[in-house]
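Every chain is numbered from 1, with letters handed out A, B, ... down the list of sequences.
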2 protein chains.
Amino acid sequence: MRTSSVDQIILEVLAQEHAHLTSLQIFEVIRERLPAVNQSTVYRALERMAKRGQVSVSDMGTGSAVYELVADGRHHHLVCQVCGCILTIDHEEVGRFFTEIEAQNQFKIATNHLILFGVCGECGKNGG
Amino acid sequence: MRTSSVDQIILEVLAQEHAHLTSLQIFEVIRERLPAVNQSTVYRALERMAKRGQVSVSDMGTGSAVYELVADGRHHHLVCQVCGCILTIDHEEVGRFFTEIEAQNQFKIATNHLILFGVCGECGKNGG
DNA sequence: AATTATAATGCATTTGTTTGCAACTGCAAT
DNA sequence: ATTGCAGTTGCAAACAAATGCATTATAATT
Ligand SMILES: [Zn+2]
Ligand SMILES: [Zn+2]
Ligand SMILES: [Zn+2]
Ligand SMILES: [Zn+2]
């Protein structure tokens, strides 16, 4: 497999930042090392890496997709549509559900960073 | 609550077509009855209706979001990233998982049309 | 080393979606 | 009827993301 310098830098950035980063945020960091790099190159690199399962791509309701390294440990999130807070749930219970669905449908799930929207406990108390 | 003519037509269209429709497809149908309607009006109407829980909005990997009436019965999908086929799973088993997650996290899930990506049985056999 | 094949990139363009703002509409209180 | 208010709309512009095409870089083959 051919190694792209952009891919390599993205992996380093994501490994270092350890957060949900937008394509633009990643682009800005890469530019420091490769000033001539184009934004669509970053989009395409991220797309490649998502297809390989190296990074997750998710819409967390912020207007632009966020990317995160998968290697560190599979996890998922609950996003409150009222206050925007983000709860993290580990893969264990989700994995049981996925396995059940996979068995019942002869289907191998690739989704590696599930986002469920709703209302958190705090907001549920206040807003009814 | 104030009634918008566009909202009403969208409900009728979705109830009749009974499918995953893009904003553009909905727009084209509405134009037959309201020729001067603007596309952003349709986007805003769909956004309103999604917030009310009347319709679901989902990225099914086709390049544009698809909308569907929720009223008819809550369901979810598995989308094959190889052949594009769509399996439907009813809410029962998903609901059990949601309830578990809700209890463990004091969180009320609003997601009403879950999309899980992966590889279907047929493609799994062929492509390894 | 030279050749070929394949994958990655830059640039410009296009597509899909959201937003700011001013104008308009429907409803309720006066 | 008049006024006031909140929700809705059109329009243009901003924004996020994807794509077509020509060029360049890399790896494999000769
Ligand atoms: Zn995460
Ligand atoms: Zn909240
Ligand atoms: Zn559906
Ligand atoms: Zn398939």
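As rounded to whole Å, 16 Å separates atom P of D/dT9 from atom CZ of B/Arg31. Note: CZ (A/Arg52) to C1' (C/dA8) measures 11 Å, nearest angstrom. Going from atom CD of B/Gln8 over to atom P of D/dG7 covers 19 Å, rounded to whole Å. Following rounding to the nearest Å, B/Leu34 (CG) and C/dC24 (P) show an atom-to-atom distance of 18 Å. Note: CD1 (A/Ile9) to P (C/dA8) measures 15 Å, nearest angstrom. We find that CE of A/Met49 is positioned 18 Å from P of C/dA7, with the value rounded to whole Å. Between the CZ atom of B/Phe27 and the C1' atom of D/dT9 there is a distance of 13 Å, rounded to whole Å. The NZ-C1' distance, from A/Lys51 to C/dA8, rounds to 13 Å in whole Å.
Connectivity analysis of hydrophobic side chains (ILVMFWY, heavy atoms under 4.5 Å, direct or indirect) links B/Val70 to nothing; its cluster partners are none. Residue A/Val119 belongs to a hydrophobic cluster whose other members are A/Val82, with links defined by side-chain heavy atoms closer than 4.5 Å.
End-to-end axis angle of the helix from C/dA1-D/dT30 to C/dT30-D/dA1, using five pairs per end and rounding to 10°, comes to 20°.
Remark: A/Arg74 pairs with no residue by the side chain to side chain donor-acceptor pair (under 3.5 Å) rule, at least two apart or across chains. Checked against side chain to side chain contact (heavy atoms under 4.5 Å, CB included), A/Cys83 has the following partners two or more places apart in sequence or in another chain: A/Cys80, A/Cys85, A/Cys120, A/Cys123. With sequence neighbours excluded, no residue satisfies side chain to side chain donor-acceptor pair (under 3.5 Å) with A/Gln81. By the side chain to side chain contact (heavy atoms under 4.5 Å, CB included) test, A/Glu92 pairs with A/Asp90, A/Arg96, sequence neighbours left out. Applying the side chain to side chain donor-acceptor pair (under 3.5 Å) test to A/Asn38 and every residue at least two apart in sequence or in another chain returns A/Ser40.
The salt bridge (Lys or Arg N to Asp or Glu O under 4.0 Å) pairs that include a residue from residues 57-66 of chain B number zero, where partners must be two or more places apart or lie in different chains.
Clustering ILVMFWY residues whenever any of their side-chain heavy atoms sit less than 4.5 angstrom apart, transitively, puts A/Met49 in the very cluster that holds A/Val29.
Put simply, B/Arg48 has a side-chain N or O that comes within less than 4.0 Å of OP1 or OP2 on D/dT8.
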Which pairs would a plain distance check flag for residues 105-117 of chain A, meaning a side-chain donor or acceptor within less than 3.5 Å of a matching protein atom at least two apart in sequence or in another chain?
unit_1   : atom_1 : unit_2   : atom_2 : d
A/Asn105 : ND2    : A/Ile101 : O      : 2.8
A/Lys108 : NZ     : A/Glu102 : OE2    : 3.4
A/Thr111 : OG1    : B/Phe117 : N      : 2.9
A/His113 : ND1    : A/Ser58  : OG     : 2.6
A/His113 : NE2    : A/His20  : NE2    : 3.3
A/His113 : NE2    : A/Glu68  : OE1    : 2.9
A/His113 : NE2    : A/His75  : NE2    : 3.3
A/His113 : NE2    : A/His77  : NE2    : 3.2

Per-nucleotide protein contact along nucleotides 10-20 of chain C, 5' to 3', at a 4.0 Å heavy-atom cut-off (B base, S sugar-phosphate only, - neither), is BB----SBBBB
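Residues from residues 10-20 of chain A lying near DNA chain C, meaning a heavy-atom separation below 4.0 Å, are absent.
For the residue pair B/Phe27 and B/Val37, the shortest heavy atom distance occurs at CE1-O, 3.4 Å.
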